[in-house]
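Reading through the structure tokens given below for one structure.
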Amino acid sequence: MPDLNLLIDGVERSVEVGTTASDLYAEQRDVVAVRVDGELRDLAVALDGVSAVEAVTIDSPDGLSILRHSAAHVLAQAVQQVNPDAKLGIGPPITDGFYYDFDVEEPFTPETLKALEKAMQRIIKEGQTFRRRVVSDDEARAELAAEPYKLELIGLKGSGADASAAAEGAGAEVGAGELTIYDNLRRDGATAWKDLCRGPHLPSTRLIGNGFSLMRSAAAYWRGSEKNPQLQRIYGTAWPTKDELVAYKERLAEAERRDHRKLGAEMDLFSFPEEVGSGLPVFHPKGATIRMEMEDYSRRRHIEAGYSFVNTPHITKAKLFQTSRHLDWYAEGMYPPMHLDEVRDADGEVTRAGQDYYLKPMNCPMHNLVFSARGRSYRELPLRLFEFGHVYRYEKSGVVHGLTRARGFTQDDAHIYTTREQMRDELASLLSFVLDLLKDYGLDDFYLELSTRDPEKSVGDEATWDEATRVLEEVATSSGLELVPDPGGAAFYGPKISVQAKDAIGRTWQLSTIQLDFFEPDLFELEYTASDGSRQRPVMIHRALFGSIERFFGVLLEHYAGAFPPWLAPVQVVAVPVAEPFNDYLADVVAQLRAAGVRAEVDTGDDRFNKKIRTATKDKVPFVLIAGGEDAEAGAVSFRYRDGTQRNGVPVPEAISLITDAIRQRVQV
RNA sequence: GCCGCCUUAGCUCAGUCGGCAGAGCGUCUCACUCGUAAUGAGAAGGUCCAGGGUUCGAUUCCCUGAGGCGGCUCCA
């Protein structure tokens with residue numbers, strides 16, 4: 001009696017009434033769930049009344065999320081096994097893994113994580129099944145009376161609010177439609193554990209197998225607000241196979257090897273002296289050399305693109321940041337003021353009022369003052385003011401992170417003043433300028449993000465925001481790159497496009513930002529004289545390309561894993577004599593290289609030849625030049641590259657032009 | 001800022017159940033050293049993050065602070 005007709009993986013078929021998806025895919029072990037009429041469901045779902053069903057395999061994005069979400073449930077079961085007093089928060093899948101939040105008396109330790117992993121292993125081996133059960137709000141409240149956080153989630157859902165908006169990850173618990181509880185059933189049918197959950201889940205815990213691992217514990221605010229209590233979060237990862245787990249851990253290890261903080265110390269590039277202060281880097285000679293090259297090339301390109309260079313102080317009176325509204329909006333992100341010039345008499349009475357000076361967190365107010373230093377004509381626009389401007393932001397102590405989140409850093413900051421008519425063309429050419437320049441530093445995989453207005457945190461009228469947003473969107477779209485929306489991500493004064501770049505190991509970094517600003521020109525009453533003699537207000541574009549030089553330095557350091565292309569490498573050539581008698585021969589070659597502007601050194605130390613090769617290789621020097629008797633007699637040198645390949649007997653003049661060409665063309669070797 | 005962990009030689013890390021502090025690498029010295037990733041020997045190097053407390057005695061235990069790490073919140 002084949003009386004159900006439906007599309008199965010796109011093929012029209014007939015099945016008996018009462019057939020479930022797991023009947024359908026009984027032979028396919030990698031199918032862990034199904035999409036019925038577009039909705040993800042457990043394999044146990046009956047197909048009555050269904051018009052289309054598709055398999056969800058464990059290695060698909062949906063399948064991986066289901067695997068990880070089920071692993072989170074197993075973790076929670078394990079935690080409550082070990083500690084029955086632990087209260088459950090939420091436990092969603094995330095990129096590469098999952099987490100689960102718990103309210104517990106004592107935070108988790110690495111030892112408890114190990115014990116929990118063992119407990120999870122036992123649950124997995126039991127082969128528990130996940131059973132979905134629809135409950136009413138009241139039933140759920142009764143069953144979960146001992147779980148205060150779950151009750152709160154039920155309340156949120158009841159209030160009609162979007163649960164996923166109310167708490168990141170909460171959507172995985174209560175979803176939008178009916179409320180469901182998932183029971184974990186032992187093989188004898190007994191309920192081992194249960195959790196409020198939208199599902200779907202794996203058919204059996206066995207599928208989590210050997211591919212999971214608990215990674216770390218940390219505190220996290222309940223429902224993501226620092227006003228709420230902190231729960232203890234356990235992060236884990238889960239993969240369909242052990243091999244994939246191992247590969248994932250290897251990716252993490254590779255990222256750790258490339259960590260710019262580690263490479264920065266190893267390669268003697270920069271440090272954060274405790275005596276200076278948290279988040280305030282100092283650059284050592286080699287690091288400063290890389291910076292210099294980064295900046296010099298950028299300067300040259302900016303000159304070619306018609307920018308004017310300015311220089312402004314690091315510190316200014318409070319008035320300037322009152323005008324710019326920074327003190328209204330970001331005072332807590334700024335270093336506290338220095339109160340200067342106050343005079344008191346013998347009684348301690350103020351006889352001359354002092355005033356507050358602030359370290360600058362942004363350069364734009366200063367650049368506005370350059371604009372308004374004299375009358376401006378439409379003929380000067382677009383006026384592009386550029387500065388490597390050092391700024392200071394008082395980042396919270398817990399967020400400071402190497403060069404990527406520092407308290408003092410240098411923006412490659414430009415402010416472009418245009419007419420409204422010029423704005424669109426200027427933005428389009430600006431975006432291609434930005435992308436071209438980033439490519440020259442070795443990054444070439446980009447996407448764009450469009451950050452739009454946050455009504456809670458913005459100045460100005462909606463119509464102006466709409467216009468600005470529309471123009472940015474058009475420019476971004478016409479670049480042909482992928483455009484990802486970032487609603488509410490804009491600064492208070494205008495929407496922005498940000499360029500996200502992927503590095504050598506696939507991580508994305510937010511680099512350049514291009515920000516439209518219709519409001520600061522008002523605040524500073526900026527004006528130019530138009531062709532008809534009227535006074536007009538310019539539009540302002542904020543633009544940082546590296547974002548911060550320090551941060552971009554860190555990104556490049558990790559991207560290249562320290563092996564910079566020759567033009568950026570702090571030491572471009574190390575000359576290694578085969579034995580001491582050839583020191584002078586190589587000193588002469590190095591002198592010629594230096595005369596050609598190459599950063600070259602001879603290793604005249606006491607180490608033996610092989611050790612010198614090893615040292616140069618570990619220092620990631622792009623060109624190692626070797627000479628012994630053969631080379632010296634032929635007036636030649638031999639190249640050894642970082643990967644161990646050789647090019648022997650190259651005549652010195654040819655070697656020099658080979659090196660200088662590679663530097664000039666900014667190629668990697 | 002919040003939670004947890006950490007801070008010992010220039011670097012990476014041992015160690016001391018409270019009793020004069022250790023290794024490898026690096027540095028320095030001497031000898032050795034002619035073809036592509038570690039020659040050997042010796043030496044120097046420490047307020048065991050800082051301040052306070054407990055103790056006959058603190059690098060070790062307790063408190064406070066600084067700095068770092070992993071998250072959370074934040075990131076103009």
Side-chain angles (χ1 to χ4, degrees), chain A residues 99 101 106-110 168 215-235 256 259 261-262 265-266 268 271-279 321 324-334 361-364 391 393-402 404-407 411 451 454 457-458 489-494 496 510 513 515 517 520 542 544 547-548 551 576-582 605-619 624-632 638-642 644-649:
Chain A
Y99 65 79
D101 289 343
E106 295 294 322
F108 299 103
T109 64
E168 190 194 337
M215 304 301 283
R216 62 173 65 92
S217 63
Y221 296 107
W222 168 238
R223 291 174 58 201
S225 166
E226 60 185 332
K227 294 186 185 74
N228 288 335
Q230 284 195 334
L231 306 180
Q232 294 301 316
R233 174 172 297 179
I234 295 178
Y235 283 94
E256 205 176 309
D259 191 310
R261 294 163 300 181
K262 188 180 150 83
E266 275 173 11
D268 193 18
S271 61
F272 291 88
E274 198 180 316
E275 294 85 338
V276 177
S278 182
F321 292 123
S324 69
R325 302 284 183 85
H326 283 102
L327 282 172
D328 293 343
W329 292 89
Y330 292 105
E332 67 182 53
M334 294 168 66
M362 292 190 92
N363 301 301
C364 40
V391 297
R393 298 178 184 180
Y394 189 71
E395 301 286 359
K396 289 185 194 171
S397 61
V399 307
V400 173
H401 182 95
T404 54
R405 194 83 182 268
R407 283 179 169 173
Q411 290 184 306
S451 300
D454 175 356
K457 244 177 64 175
S458 61
F492 68 90
Y493 50 76
K496 72 173 176 204
Q510 181 184 312
T513 57
Q515 203 148 6
D517 187 345
E520 246 185 284
H542 303 244
S548 114
R551 190 179 125 91
V576 178
V578 163
E580 205 246 309
F582 306 102
D606 281 345
D607 292 328
R608 288 161 111 102
F609 179 65
N610 277 316
K611 179 61 184 290
K612 290 183 181 182
I613 299 281
R614 177 181 154 88
T615 305
T617 308
K618 285 187 66 169
D619 286 348
V624 177
L625 293 189
I626 292 162
E630 281 171 43
D631 281 310
S638 293
F639 281 75
R640 182 193 159 95
Y641 292 94
R642 287 184 286 221
T645 57
Q646 301 176 29
R647 184 162 167 194
N648 296 330

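Naming: A, B, ... by sequence-line order, numbering from 1 per chain.
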Closest non-hydrogen atom pair between [X] and [Y], with its separation:
{"X": "A:Lys612", "Y": "A:Asp607", "value": "CE-O, 3.1 Å"}
{"X": "A:Glu395", "Y": "A:Ala406", "value": "CG-O, 3.6 Å"}
{"X": "A:Met362", "Y": "A:Gln411", "value": "CA-OE1, 4.5 Å"}
{"X": "A:Arg407", "Y": "A:Lys396", "value": "NH2-C, 3.9 Å"}

Could you pull out all residues at least two apart from A:Ala265 that satisfy side chain to side chain contact (heavy atoms under 4.5 Å, CB included)? none
Nucleotide N/O to protein N/O under 3.5 Å, stretch nucleotides 68-70 of chain B:
from	atom 1	to	atom 2	distance (Å)
B:rG68	OP1	A:Ser278	OG	3.1
B:rG68	OP2	A:Ser278	OG	3.1
B:rC69	OP1	A:Arg261	NH1	3.0
B:rG70	OP1	A:Arg261	NH2	3.0
B:rG70	OP2	A:Arg261	NH1	3.2
B:rG70	O2'	A:Arg216	NE	2.8

In terms of side-chain heavy atoms of [X], which of [options] is nearest?
{"X": "A:Arg614", "options": "B:rA37, B:rC72, B:rA76", "value": "B:rA37"}
{"X": "A:Arg393", "options": "B:rC3, B:rA38, B:rA76", "value": "B:rA76"}
{"X": "A:Ile626", "options": "B:rA76, B:rG1, B:rG35", "value": "B:rG35"}

If a pair means Watson-Crick or G-U wobble with both distances below 3.5 Å, what does RNA chain B look like in dot-bracket form, with | marking bases paired to a different strand? (((((((..((((.....[..)))).(((((.......))))).....(((((..]....))))))))))))....
For [X], report the nucleic acid contact type (base, sugar-phosphate, nothing); a contact means any heavy atom under 4.0 Å.
{"X": "A:Pro107", "value": "sugar-phosphate"}
{"X": "A:Thr615", "value": "nothing"}
{"X": "A:Glu395", "value": "nothing"}
{"X": "A:Tyr493", "value": "sugar-phosphate"}
{"X": "A:Arg640", "value": "base"}

Hey, does A:Tyr493 have a side-chain heavy atom less than 4.5 Å from the side chain of A:Gln515? yes
Ignoring hydrogens and angles, are the base of [N] and the side chain of [X] linked by a donor-acceptor pair under 3.5 Å?
{"X": "A:Tyr221", "N": "B:rG1", "answer": "yes"}
{"X": "A:Arg405", "N": "B:rC74", "answer": "yes"}
{"X": "A:Gln230", "N": "B:rC2", "answer": "yes"}
{"X": "A:Asp631", "N": "B:rG35", "answer": "yes"}

Rounding to the closest angstrom, what is the interatomic distance between [N] and [M] at atom [atom1]?
{"N": "B:rA9", "M": "B:rA21", "atom1": "P", "answer": "14 Å"}
{"N": "B:rC62", "M": "B:rG4", "atom1": "P", "answer": "15 Å"}
{"N": "B:rG42", "M": "B:rU55", "atom1": "P", "answer": "46 Å"}
{"N": "B:rG26", "M": "B:rU12", "atom1": "C1'", "answer": "11 Å"}
{"N": "B:rC61", "M": "B:rC2", "atom1": "C1'", "answer": "27 Å"}
{"N": "B:rC25", "M": "B:rA44", "atom1": "C1'", "answer": "16 Å"}
{"N": "B:rU33", "M": "B:rU39", "atom1": "P", "answer": "14 Å"}
{"N": "B:rU60", "M": "B:rC48", "atom1": "C1'", "answer": "9 Å"}

Find the distance [X]:[atom1] to [N]:[atom2] and express it as a whole number of Å.
{"X": "A:Lys612", "N": "B:rU33", "atom1": "NZ", "atom2": "C1'", "answer": "9 Å"}
{"X": "A:Arg407", "N": "B:rA76", "atom1": "CZ", "atom2": "C1'", "answer": "17 Å"}
{"X": "A:Asp454", "N": "B:rC74", "atom1": "CG", "atom2": "P", "answer": "11 Å"}
{"X": "A:Ile234", "N": "B:rC3", "atom1": "CD1", "atom2": "C1'", "answer": "14 Å"}
{"X": "A:Glu226", "N": "B:rC75", "atom1": "CD", "atom2": "C1'", "answer": "13 Å"}
{"X": "A:Leu231", "N": "B:rC2", "atom1": "CG", "atom2": "P", "answer": "18 Å"}
{"X": "A:Tyr394", "N": "B:rC74", "atom1": "OH", "atom2": "P", "answer": "18 Å"}
{"X": "A:Lys396", "N": "B:rG71", "atom1": "NZ", "atom2": "P", "answer": "17 Å"}

Nearest 0.5 Å, what's the [atom1]-[atom2] distance between [X] and [Y]?
{"X": "A:Leu231", "Y": "A:Tyr221", "atom1": "CG", "atom2": "OH", "answer": "11.5 Å"}
{"X": "A:Glu106", "Y": "A:Gln232", "atom1": "CD", "atom2": "CD", "answer": "9.5 Å"}
{"X": "A:Asp606", "Y": "A:Lys611", "atom1": "CG", "atom2": "NZ", "answer": "11.0 Å"}
{"X": "A:Arg216", "Y": "A:Arg233", "atom1": "CZ", "atom2": "CZ", "answer": "12.0 Å"}

For [X], give me all partners under ring pair (Phe, Tyr, Trp, His ring centres under 6.0 Å), at least two apart in sequence or on another chain.
{"X": "A:Phe108", "answer": "A:Phe102"}
{"X": "A:Phe609", "answer": "none"}
{"X": "A:Phe582", "answer": "none"}

Under the side-chain hydrogen bond (donor to acceptor under 3.5 Å, both in side chains) test, residues paired with [X] that sit two or more places apart:
{"X": "A:Asp631", "answer": "A:Ser638"}
{"X": "A:Thr617", "answer": "none"}
{"X": "A:Ser278", "answer": "none"}

Can you confirm whether more than 12 heavy atoms, excluding those of A:Tyr330, are under 6.0 Å from its OH atom? yes
Using only side-chain N and O atoms of A:Tyr330, determine if any of them is under 4.0 Å from OP1 or OP2 of B:rC75. no
Want to settle it: does A:Asn648 or A:Ala491 sit nearer the 5' end of RNA chain B, counting the closest nucleotide to each? A:Asn648
Mind listing the N/O atom pairs, protein and nucleotides 9-14 of chain B, below 3.5 Å?
none

Please verify the inter-ring angle class for A:Phe321 with A:His326; under 30° counts as parallel, over 60° as perpendicular, anything in between as tilted. perpendicular
Could you go through nucleotides 59-62 of chain B and list every protein N or O atom that sits under 3.5 Å from one of its N or O atoms, giving the distance for each pair?
none

What protein N or O atoms touch nucleotides 39-49 of chain B N or O atoms at under 3.5 angstrom, if any, and at what distances?
from	atom 1	to	atom 2	distance (Å)
B:rU39	N1	A:Arg608	NH1	3.2
B:rU39	O2	A:Arg608	NH1	3.3

